[in-house]
> 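Below is a structure I'd like to ask you about.
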Amino acid sequence: MGIRDEDPLGSGVHLVGLMTGMVLECIPYSRLPGATRLAGDFLYAFEKVARFYVYDPWDAASVLRRVEKMDYPRNRREALVQVLRVQNPGSEAVERLREPDTVVVITGQQVGFLTGPVYTLYKALSAVKVAQELCDRGIPAVPVFWMATEDHDYDEVAECWVFDHRGAAVRMHAGRTEGAGVRPCGELDVPEWPIEMLESTLGQLPHGREAVDLAREFYRPGQRLAGAFGGLLGELVGEGRLILFDPLRPEARELLGPILMEAAERARELVEAVRTRTGEVEALGYHAQVRVEPEPTLLFMLQAGRRVPIRMEGGGFQDCGKRFGKTELERVARDLSPGALLRPVVQDWAFPAAVSVVGPAELAYLAQASAIYEVLGVGQPVRRPRVSCTLLDRACAGVLERFGLSLVGVFGPETALREAIGRQLRPVELAAAVERAQAEVVSALDRIGAALVGWRGAVERNFEKSRSKILYQMGKIERSIAREMVRRDRGADEGVRRLLGFAYPGRRLQERVYSALAFIALWGMDFVAAVEQAVAWDCREHQVVVL
């Protein structure tokens, strides 16, 4: 898909001949804002973290070794297929999962409003691509998306961001609803979604009406977050390409009961194992994502519409002050809900997971959770990083191309970006005058310094201090001229504003901010197919993609 010649974001900057549907550059993870050492070692020095993740994602034989070790019970597969048939009626992928050799490529995310940041879509597409890759290698596989409907942090999932026709970021909020913050998010229904605000924001973009109609189709008044999220994500990925799983549905509770009950029975052992593993992670200089105290059980209870933590007390348990023993817990096993560290283990017990697609932030708590896998005897799948990318239109890409910049420069201070561009905009005569003046000042200072050789004490110290100040002021003059050049060049000034707002909104990676719906408003539904064609799905680096 190519972008039409007009400039939908109005930046006024074009690059004649710039190809669309291409990767403009690849940026190592370590150069991204917010990069962590743990994720960096996972991507580029796996041997340092192999003790936590078992399988090297870059070793082609890893999946084969994982599949050979899998011992997924036939009765669990039958029960799983029955659950998935209810949740994905008519899915051919679910029927393929009935076959005893079929494995799963699994990923997941909270049920964010308008599917949350676009990396949610990248996760889903990554799972689809990896499953196809395995099929091409003779390993039957289907992609599954675990919708984290049990989470009760409503504020996290209720917010999303889109951009308007000027490229300005606009915050959208699903609105308040009864039970927010205490009930599982997947159960919440929103009386009135902010579709009118969405329409006013996206309306002037080329495909704004198409995007708004899509939102209106799935986010209907009274619709639950889980249903709206699953419907829109399924539409974006493509009908039948992705199996959706909602662990909050009654049929799913029955399936997950046994592993949750075992986790409850071995709660103290699990907590101690995680605390020990957390110490090992931190001893290597990595950060721990989740703090674990002695009393929690890594479990919650779904109780009267609320999700409340279960704590250990003596030989029993308690929630909200109510004490109960093992027998009582067994009666309500289907009401147990895993916490953040236990959830991936439950997921990989419930599914014949050969590969899980994860983001960099998940790697930290998966390192801690590796101890739970060991205690419960659940095999870890191969961890494959989701694709990571920043999308640019022709105008934004044109700014980078015109001034020979990398997107890494956009991640730095805005003043530094403007100065780098401004230096290229200076008239030849002005640039020469500045450089000549700088050289003359340095030469004069060098002559004074040479004459002071052998001098000691205050004079020498004062000279060096004054020299530094003079050179700083000369650099300050140069930087000021550069910034003024950008301000005077309307196209460059507006291009910088658009580039920052579009590619690095609020000084955060684009993929962690904007909803996929914003890109549909800009490029239409072909946007998803264009991303699939342009992106290198086996790349471990951050890709800058021109659409």
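Numbering of residues begins at 1 and proceeds along the displayed sequence. Atoms considered below: every heavy atom in the structure, side chains included; atoms not considered: hydrogens, waters and symmetry mates. From a predicted model like this one, the values you see are computed outputs, not experimental measurements.
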> With rounding to the nearest 0.5 angstrom, report the CZ to CG distance, Arg176 to Asp155.
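CG of Asp155 is found 5.0 Å from CZ of Arg176.
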> How long is the span from the CZ atom in Arg540 to the CG atom in Leu43, to the nearest 0.5 Å?
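Those atoms lie 7.0 Å apart.
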> Would you say the ring centers of Phe351 and Phe245 fall short of 6.0 Å from each other?
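Centroid distance Phe351-Phe245: below 6.0 Å, so yes.
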> Decide whether Gln87 and Glu251 meet the rule of one side-chain donor and one side-chain acceptor closer than 3.5 Å.
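A donor-acceptor contact under 3.5 Å links the two side chains.
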> Are the side chains of Ile259 and Leu342 in touch, meaning some heavy atoms are under 4.5 Å apart?
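Result no, sub-4.5 Å side-chain heavy-atom pair not found.
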> If we only count heavy atoms from C-beta on, is the Pro344 to Tyr365 side-chain gap below 4.5 Å?
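Answer yes - side chains close enough.
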> Check the pair Val358, Thr107 against side-chain contact (heavy atoms from CB on, under 4.5 Å), reporting the backbone distance first and the verdict last.
CA-CA 7 Å; Val358 299; Thr107 191; over 6 Å; no
> In terms of side-chain geometry, is the basic nitrogen of Arg306 or Asp335 positioned less than 4.0 Å from the acidic oxygen of its partner?
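Not counted as a salt bridge, because no side-chain N and carboxylate O are separated by less than 4.0 Å.
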> Less than 4.5 Å apart, any side-chain heavy atom of His152 and any of Val182?
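SC-SC contact between His152 and Val182 ruled out.
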> Please report the interatomic distance OG1(Thr297) to CG(Leu260), rounded to the nearest 0.5 Å.
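Atom-to-atom, Thr297:OG1 and Leu260:CG are 10.5 Å apart.
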> Say you draw a straight line from CD of Glu92 to CG of Leu97; how long is it, rounded to the nearest 0.5 Å?
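Reported to 0.5 Å precision, the distance equals 14.0 Å.
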> Assess the side chains of Glu150 and Ser337: does a donor N or O sit below 3.5 Å from an acceptor N or O?
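A donor-acceptor contact under 3.5 Å links the two side chains.
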> Do Ile27 and Glu541 have side chains that approach each other closer than 4.5 Å (heavy atoms only, starting at C-beta)?
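Result no, sub-4.5 Å side-chain heavy-atom pair not found.
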> Under the side-chain contact (heavy atoms from CB on, under 4.5 Å) rule, what do Leu202 and Asp164 come out as? Steps first, then yes or no, please.
CA-CA 6 Å; Leu202 301 181; Asp164 61 18; over 6 Å; no
> Verify the neighbour count for atom CZ of Arg209: are there more than 12 heavy atoms of other residues, nucleotides or ligands below 6.0 Å?
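For Arg209, atom CZ is not crowded (no more than 12 foreign heavy atoms under 6.0 Å).
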> Is the shortest side-chain heavy-atom distance between Leu522 and Phe502 below 4.5 Å?
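With C-beta onward as the side chain, the pair touches.
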> Test side-chain hydrogen bond (donor to acceptor under 3.5 Å, both in side chains) on Gln368 and Thr278; report intermediate values, then the result.
CA-CA 5 Å; Gln368 294 174 269; Thr278 299; 3.0 Å; yes
> Do Glu484 and Arg488 sit within salt-bridge range, that is, some charged N less than 4.0 Å from a carboxylate O?
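Yes, this pair counts.
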> Could you tell me whether Glu178 atom CD has more than 12 heavy atoms of other residues or ligands within 6.0 Å of it?
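Not buried by this count: 12 neighbours or fewer within 6.0 Å.
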> Would you call Cys26 and Val544 a side-chain contact if the rule is heavy atoms closer than 4.5 Å?
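They are not in side-chain contact.
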> Just checking Tyr219 against Phe113, ring centres under 6.0 Å apart?
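Yes, close enough.
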> Under 3.5 Å, is there a donor on one side chain and an acceptor on the other for Thr149 and Asp246?
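A pair is found: one side chain offers a donor N or O, the other an acceptor, under 3.5 Å apart.
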> Checking Arg483 now: which residues fulfil side chain to side chain donor-acceptor pair (under 3.5 Å) with it, not counting sequence neighbours?
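Checked Arg483 against side chain to side chain donor-acceptor pair (under 3.5 Å); matches are Glu419.
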> Could you tell me whether Arg386 sits above the aromatic face of Tyr122, with NZ or CZ closer than 6.0 angstrom to the six-membered ring centre and within 45 degrees of the axis?
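Checked: cation-pi criterion not met.
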> Would you please test Leu24 and Met22 for side-chain contact (heavy atoms from CB on, under 4.5 Å) and show each step?
CA-CA 6 Å; Leu24 189 64; Met22 61 169 282; 4.0 Å; yes
> Parallel, tilted or perpendicular: which fits the ring planes of Phe229 and Phe145, with parallel below 30° and perpendicular above 60°?
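Because their plane-to-plane angle lies in the 30° to 60° range, the rings of Phe229 and Phe145 count as tilted.
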> Is it true that Glu362 and Arg384 make a salt bridge, defined as a side-chain N closer than 4.0 Å to a carboxylate O?
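No, this pair does not count.
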> Hey, what do you get for CG (Leu214) to CG (Leu114), rounding to the nearest 0.5 Å?
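Those atoms lie 9.5 Å apart.
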> Measure centre to centre between the rings of Phe519 and Phe163, then say whether the value is under 6.0 Å.
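Yes, they do, as the ring centres are separated by less than 6.0 Å.
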> Would Glu414 and Arg418 pass as an ion pair if we require N to O under 4.0 Å?
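Answer for the salt bridge query: yes.
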> Between Arg171 and Glu159, is there a salt bridge with N-O shorter than 4.0 Å?
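Yes, Glu159 and Arg171 are salt-bridged.
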> Kindly indicate, with the supporting measurements, whether the criterion side-chain contact (heavy atoms from CB on, under 4.5 Å) is fulfilled by Glu532 and Trp537.
CA-CA 8 Å; Glu532 287 195 64; Trp537 292 93; 4.3 Å; yes
> Taking the side chain as every heavy atom from C-beta outward, state whether Val23 and Val535 have any atom pair closer than 4.5 Å.
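Side-chain contact under 4.5 Å: no.
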> So, applying side chain to side chain donor-acceptor pair (under 3.5 Å) with Thr390, which one of Gln543, His542, Gln510 is it?
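Among the candidates, only His542 passes.
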> Provide the closest heavy-atom pair for Leu341 versus Ala369 in the form atom of the first, atom of the second, distance.
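Closest approach of Leu341 to Ala369, heavy atoms only: O-CB, 3.4 Å.
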> Evaluate the side-chain proximity of Leu425 to Val486: yes if any heavy-atom separation is below 4.5 Å, no if none is.
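Yes, their side chains come closer than 4.5 Å.
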> At what distance, to the nearest 0.5 angstrom, does CZ of Phe218 lie from CG of Asp213?
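Phe218 atom CZ to Asp213 atom CG measures 11.5 Å (nearest 0.5 Å).
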> What's the shortest heavy-atom distance between Gln380 and Ser370, and which atoms?
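Minimum heavy-atom separation between Gln380 and Ser370: NE2-CB, 3.5 Å.
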